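Encoded as structure tokens, the structure appears first; notes follow it.
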Amino acid sequence: MPGPGHPLTAETVAQYLPLAGHLPRIPGRIINVTHQIPYNIIRSPATISTFDELASSHPPTPPYSPPPNLQGSSDITSTSEDDDDVPQGLYRKVHDKRLHNEPPVSSAPISRVARHHRRTGTLRVKFHAADWTVVQSRGHGALYAGLQSLGQHWETIHIGWTGPIRVAHSKKTVPSEEIEAADKKKLEALLWETGKIVPIFLGNKSTGHYEGYCKEVLWPLLHYLVWDRATDGRKEQRDWADYVAVNQQFADTIVAHYKQGDIISIHDYHLLLVPEMVRAQIPDAAIGLFIHATFPSSEIFRCLSVRDEILKGMLGADLVGFQTYSYARHFISSCTRVLGYESTLVGVNANSHHVTVDTFPIGIDVDRVDRFRKQPSVQPKIRAIRDMYAGKKIIIGRDKLDSTKGVLQKLHAFEKFLRDYPEWRNKVVLIQVTTPTSHGVSKLETKVSETVSHINGLYGSLEFTPVHHYHQDIDRDEYYALLSAADVALITSVRDGMNTTSFEFIICQHERHAPLILSEFTGTAGSLSAAIMVNPWDSAGVARGINEALSMTAEEKLTRHLQLYNHVTAHTASFWAHSFIRELVSCTETRSLQTHQTPVLDRQKLVQSFRKAKKRLMFFDYDGTLTPIVSVPSDAKPSPGVIKNLRALCNDPRNEVWIISGRDQQTLDEWLGSQIKNISLSAEHGCFMKASTADRWTNMLDDVNMGWKQDVTEIFEYYTERTQGSFIEHKKSSITWHYRLADAEYGAFQAKECQNHMENAIVSKLPVEILLGKKNIEVRPASINKGEIVKRILAQHPEADFVICAGDDKTDEDMFKALAALMADAYSITVGPPEKKTYGNWHVRRSEDIANVLEELVASSSGGRGGRR
């Protein structure tokens, strides 16, 4: 911090500015948490160690390079495509043998191979120890590349599920329950040495979690696929129980490895409950959550039966990141409409815990893609594709076969293109590769095949086939050859989180500058504005886009390509990961650098002071303090426990107990006064008083002009008529407009309009003030508030040597402010998080904590000496 010996310079100031361009200082490590670790695990009876065995295995390519700490390890045998990561001799022998055995390029560039075929010409990193082999996985390359790049600047560890553990040379898997503890330790040691990876063994709950709840409930909902069949809900409940259990196991693992100063970065929809679970055990942890999938509008999300639990789990984070602004906006709207939390365009106030919500579009590992596309084995395949379709324009599409990727829409649009633009018939070919998915999509596969046959039958001939459909995995070399040889890329996803194929296509087209046609419903659409944007549901529009792309001049192609290329090369996977961590650090620093953090109530100190005191004054707010906030005010009756403890405190002659509430006189008399003797009450924020010795209420407004009430009522009625669910509460000294039951967003909007109206028409002319409560606006006389009542009572009891005051909202700050000025050692307790701005000097998080404090004070009372007579 700047101070003596540390001059205030631009550099020192910049350290406290968010996103100032510098790398933030992280005192601990970054704990990256993903559903699955970036390795496939294979159990084998013996370790593959000889060069010949290694060369013949042809392990595929890594999504990223192995960490530098692996180099020179004596305990692990590793193989990698990068010369820097393995000895030169080993790489050359493997590479030479692979090239020697490689067959010539087939005239058909897309191999007719089974889903689990052996991929030739690729090489992934392998590590061996004892009976275990770990091989870098192919999927989620952008995610893992981004997370691994963080290790260049900070210490990182990676926590994730092992994934299905496969038996070598077979399709069998090993249940984690059957793995001996000693074997698990060997695997854990291997993974830790491999890249500081902490594996989680999920057991049989992994099926209900991933195959069940994630894939059958969450994934469809997030992609706007509302369930089309009703069930009794039993399977969903079982899967939900597994989802909760797995999230708890992840949270417990994070907590077990957490050290003070660590940053926790959690990824995707498989782990939405983890932030709140970790927060419950480590309240001050820096937690970030990034959602790689789409996020639907609140009208779709509210269909989820456990919507509250999911949203609250996500709001345990300090930062929630999304791919696009629309996804972030939908999340904020869901928090407001479903949970009723206050929000802004950049965050959510979840019970006074501010959660920042921001966008971080992911990128790709540009260097890796560029290196792969230039491999010698790719060029022959490019030539084969061009030779096969000589004289034809090639449109390529590569998608997973599921309903969100818009394959059917693409085929319908291509048919529309051939019908509307006959000059392109026999001159354009569509090569569509659909990757099989783990879930059954037989109906969709049938529809796609029928549509392909229909188009080929309508516009094809013996010499020419307009659509070539390959429903299979393809080799990496073939994939990059297709992207490089294409004249147009066509992506028509109807809902997609972040389609990285578009990024890879741009890199592969750096020499040819082929245009990109991109669905406006993909996450990349907001970043790739130079692409030709289309609505996949508008077949005619997509057909126009295809014609535009094929007719585009070389100059326009170059202009568009350079804009796209500059974006992709600047916003890489590493840039995404660093931006997310930088913003997460900024959020937590902002929280820690706030001017005031109220300490948690020291109950032991409170009880000791209470015991020693001879005269005690006790002030309690009601709603939100002695009872929790509820939607219907009439439901907030005191619990039997609160009544019992207040009665015990009031029976002690050393105690003077006041309930200072915004409630009216009748309610306080009915709920408290009629049940508790010797209790003192103040109603309507200090406008009425009734001491324990008094029989009647004292009106503090006898000399106050109340003529303003008619004007205020008219304004409140105006907004009530226009805000469904709102209502007016008339009290003797004030008028309150409630909008808790109204639509959350519209109610908040109307409240701001009403406040502005009041300030201009009423407050500026009459002696009243506006109190902004929780989902309400109250207008009262300016000369009366809770603080004035506290001052009056303190003046009547100068002998008081113990004062406790508890409240939860802005009206209670008047009491805290008065006590801070008159009695510095008073216990002013606010209900809320420590970062809440308050005049109080202590805090508890919930109203239930205040009830527990009352119980502790009663228990500590010395035998009720000299009860009231």
Side-chain angles (χ1 to χ4, degrees), residues 110 223-225 294 385 389 392-421 424-425 427-437 441-460 465-472 474 479 482-483 485-506 509 514-525 528 531-552:
I110 308 296
H223 290 81
Y224 287 79
L225 301 176
T294 62
I385 295 172
Y389 306 106
K392 303 291 191 296
K393 295 290 187 180
I394 300 173
I395 302 174
I396 66 103
R398 194 261 195 169
D399 309 275
K400 288 183 179 179
L401 188 62
D402 66 53
S403 56
T404 67
K405 301 304 180 182
V407 176
L408 273 177
Q409 286 80 357
K410 182 186 303 185
L411 293 172
H412 291 318
F414 186 67
E415 179 184 359
K416 177 71 171 173
F417 164 73
L418 294 177
R419 181 166 61 247
D420 291 356
Y421 301 92
W424 286 110
R425 295 175 189 173
K427 297 179 182 179
V428 178
V429 61
L430 170 63
I431 302 176
Q432 175 63 46
V433 179
T434 54
T435 306
T437 59
V441 286
S442 56
K443 291 183 179 179
L444 178 59
E445 183 179 351
T446 301
K447 288 182 180 180
V448 169
S449 299
E450 290 174 350
T451 306
V452 170
S453 299
H454 169 72
I455 297 173
N456 289 337
L458 195 60
Y459 296 104
T465 303
V467 181
H468 293 256
H469 177 225
Y470 300 95
H471 180 51
Q472 61 186 59
I474 61 173
Y479 172 62
L482 275 176
L483 296 183
D487 295 291
V488 175
L490 182 56
I491 298 173
T492 55
S493 304
V494 295
R495 192 68 58 180
D496 207 351
M498 186 60 63
N499 191 300
T500 55
T501 300
S502 56
F503 293 150
E504 294 168 328
F505 173 77
I506 292 167
Q509 286 292 328
L516 168 67
I517 302 175
L518 185 62
S519 165
E520 62 188 52
F521 297 113
T522 62
T524 54
L528 304 180
I532 299 175
M533 295 297 168
V534 295
N535 178 356
W537 300 102
D538 178 12
S539 297
V542 179
R544 287 194 299 271
I546 296 173
N547 181 63
E548 179 185 351
L550 294 174
S551 307
M552 191 175 295

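Treat the numbers as computed from the prediction; the structure is a model and nothing was measured. Along the sequence shown, residues carry numbers from 1.
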Measuring from atom [atom1] of [X] to atom [atom2] of [Y], what distance do you get when rounded to the nearest 0.5 angstrom?
{"X": "Ile532", "Y": "Leu518", "atom1": "CD1", "atom2": "CG", "value": "10.5 Å"}
{"X": "Lys427", "Y": "Leu550", "atom1": "NZ", "atom2": "CG", "value": "11.0 Å"}
{"X": "Lys443", "Y": "Ser403", "atom1": "NZ", "atom2": "OG", "value": "12.5 Å"}
{"X": "Tyr389", "Y": "Ile395", "atom1": "OH", "atom2": "CD1", "value": "12.5 Å"}
{"X": "Asp402", "Y": "Thr434", "atom1": "CG", "atom2": "OG1", "value": "10.5 Å"}
{"X": "Phe417", "Y": "Leu430", "atom1": "CZ", "atom2": "CG", "value": "10.5 Å"}

Are any non-hydrogen side-chain atoms of [X] and [Y] less than 4.5 angstrom apart?
{"X": "His471", "Y": "Pro436", "value": "yes"}
{"X": "Tyr224", "Y": "Thr404", "value": "no"}
{"X": "Phe414", "Y": "Gln432", "value": "no"}
{"X": "Ile546", "Y": "Val534", "value": "no"}
{"X": "Glu445", "Y": "Leu401", "value": "yes"}
{"X": "Leu482", "Y": "Ile474", "value": "yes"}
{"X": "Ser551", "Y": "Trp424", "value": "yes"}

What are the two closest heavy atoms between [X] and [Y], and how far apart are they?
{"X": "Met533", "Y": "Ala525", "answer": "CE-O, 3.2 Å"}
{"X": "Thr501", "Y": "Leu483", "answer": "CG2-CD2, 4.4 Å"}
{"X": "Thr524", "Y": "Asn499", "answer": "CG2-O, 3.4 Å"}
{"X": "Leu418", "Y": "Pro466", "answer": "CD1-CB, 4.2 Å"}
{"X": "Val407", "Y": "Lys400", "answer": "CG2-O, 4.3 Å"}
{"X": "Glu415", "Y": "His454", "answer": "OE2-NE2, 2.9 Å"}

_Just by distance, no angles: are the side chains of His412 and Thr451 close enough, under 3.5 Å, to form a donor-acceptor pair?_
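Absent: no donor and acceptor within the cut-off.
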*Start with the C-alpha distance between Ser502 and Thr522, add both sets of side-chain angles, then the distance that settles side-chain contact (heavy atoms from CB on, under 4.5 Å), and finish with yes or no.*
CA-CA 10 Å; Ser502 56; Thr522 62; over 6 Å; no
*List the steps, then state whether side-chain contact (heavy atoms from CB on, under 4.5 Å) holds for Val542 with Trp537.*
CA-CA 8 Å; Val542 179; Trp537 300 102; over 6 Å; no
_Under a 4.0 Å threshold between the charged nitrogen and the carboxylate oxygen, would Arg544 count as salt-bridged to Glu548?_
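Not counted as a salt bridge, because no side-chain N and carboxylate O are separated by less than 4.0 Å.
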Expected list for residues 485-495: side-chain donor-acceptor pairs under 3.5 angstrom, two or more places apart:
{"from": "Asp487", "atom 1": "OD1", "to": "Arg512", "atom 2": "NH2", "distance (Å)": "3.1"}
{"from": "Asp487", "atom 1": "OD2", "to": "Arg386", "atom 2": "NH1", "distance (Å)": "3.3"}
{"from": "Asp487", "atom 1": "OD2", "to": "Ile394", "atom 2": "N", "distance (Å)": "2.8"}
{"from": "Thr492", "atom 1": "OG1", "to": "Gly406", "atom 2": "O", "distance (Å)": "2.8"}
{"from": "Ser493", "atom 1": "OG", "to": "Asp496", "atom 2": "OD2", "distance (Å)": "3.3"}

_Test item: Asn456 side-chain N/O and Thr465 main-chain N/O as donor-acceptor pair under 3.5 Å_ = no
*In chain order, what residues pass the side chain to side chain donor-acceptor pair (under 3.5 Å) check against Lys393, with sequence neighbours excluded?*
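Testing Lys393 for side chain to side chain donor-acceptor pair (under 3.5 Å), a comparison that skips the adjacent residues, returns none.
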*Under the ring pair (Phe, Tyr, Trp, His ring centres under 6.0 Å) test, residues paired with His223 that sit two or more places apart*: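 Partners of His223 by the ring pair (Phe, Tyr, Trp, His ring centres under 6.0 Å) criterion, ordered by chain and then number, come out as Trp219.
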